[in-house]
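These notes concern the structure reproduced below.
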Amino acid sequence: LDAGDRASLAQNAQNIAQRHSTLIPLAKAAAARAEDPLRKKQMLEDIGELDRLLPEAIASTNRFLQNPNDDDARRSVRQSI
C-alpha cells in the first residue's frame, strides 16, 4: 500500500467506525422487532460478530498505519479487510 492508499485507509477506517456506532443500535432495534425467532437470532449473532470484528480490524489498521513497513502489520490489515 502506498502513501495515498494509507491516507484513504485511515479515512475509511474512521468512516466505518462512525457508521458502526450509528448503525448497530438501528440493527438491534430491527432485531428486537423481528417476529421470526430464527431471523432475530441470526440478526443478533451477526450484530455481535460485527461488534467483535470491527475493533479488531480498526486495531490492525492503526498498527499498520503507525508502521507501514512492518510485514506482520501489513498482513494483519490485509486479512481484516
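Values in this document were obtained by computation on a predicted structure and should not be read as measured data.
Residues passing the side chain to side chain donor-acceptor pair (under 3.5 Å) test with Q66: none are found, sequence neighbours excluded.
When side chains are defined from C-beta on, R75 does not count as touching R78, because their heavy atoms never get closer than 4.5 Å.
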Ignoring hydrogens and angles, write down the donor-acceptor pairs under 3.5 Å from the side chains of residues 51-60, residues two or more places apart or on other chains.
unit_1, atom_1, unit_2, atom_2, d
D51, OD1, H20, NE2, 2.9
S60, OG, E56, O, 3.1
S60, OG, R63, NH2, 3.3
S60, OG, S76, OG, 2.8

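No donor-acceptor pair closer than 3.5 Å links the side chain of R74 to the backbone N or O of F64.
Listed by first and then second residue, the salt bridge (Lys or Arg N to Asp or Glu O under 4.0 Å) pairs involving residues 34-50 are K41-E45 (not counting sequence neighbours).
The two residues M43 and A27 make their nearest non-hydrogen contact at CE-O, 4.2 Å.
For the atom pair Q42 CD and L38 CG, the distance stands at 9.0 Å (nearest 0.5 Å). The CG atom of L9 lies 5.0 Å from the CG atom of L65; values are rounded to the nearest 0.5 Å. The distance from atom CD1 of I16 to atom CG of L23, rounded to the nearest 0.5 Å, is 11.0 Å.
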